Amino acid sequence: MKTYEMLYVLDSALADEAKDAFEAKFAAIVQDFNGKVLSTDKWGVKKLAYPIRYKTDGYYVLMTFEAESGVVKELDRVAGLSSEVLRRVITVKA
């Protein structure tokens, strides 16, 4: 298994419960693929470098996890279907 990092930006207007639900949802996907979430760092609301869907602020979360490569495709697919996720990037941690 490799170690990955997923940085995603949520709409800052979401309620705290909705933000926590996304964190739990992504962690559950990793665990469903027999992976392990190592850490979840909530960076909080930060100004975006440029407007995304007319939004200027975003809620940043960095999730570090160990998993097989198949989980990356599933996380990217699920995050892409959610309109509340403004941006996401998944990288292999060196």
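Everything numeric here is computed off the predicted structure, so don't read it as measured data.
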same_hphob_cluster([X], [Y]) at 4.5 Å side-chain heavy-atom cutoff:
X     : Y     : result
Ile52 : Trp43 : yes
Leu62 : Ile90 : no
Val78 : Val61 : yes
Val85 : Tyr50 : no

Decide yes or no for [X] and [Y]: does some side-chain heavy atom of the first lie under 4.5 Å from some side-chain heavy atom of the second?
X     : Y     : value
Phe26 : Met63 : yes
Ile29 : Leu75 : yes
Val92 : Val72 : no

Between Leu38 and Phe65, does a side chain to side chain contact (heavy atoms under 4.5 Å, CB included) hold up when you go through it step by step?
CA-CA 5 Å; Leu38 302 176; Phe65 60 96; 5.5 Å; no

Identify the two heavy atoms, one from [X] and one from [Y], that lie closest to each other, and give their separation to 0.1 Å.
X     : Y     : value
Arg88 : Ala79 : CD-CB, 3.8 Å
Lys25 : Ser82 : NZ-OG, 3.9 Å
Lys47 : Tyr60 : O-OH, 4.3 Å

Would you give me the side-chain donor-acceptor pairs under 3.5 Å for residues 3-24, sequence neighbours excluded?
from, atom 1, to, atom 2, distance (Å)
Asp11, OD1, Ala13, N, 3.1
Glu23, OE1, Lys42, NZ, 3.3

Taking Asp57 first and then Lys46, would you say they form a salt bridge - that is, a charged N and a carboxylate O separated by under 4.0 Å?
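Salt bridge flag = no for Lys46 with Asp57.
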
Spacing of Lys2 atom NZ and Lys93 atom NZ [to the nearest 0.5 Å]:
15.0 Å

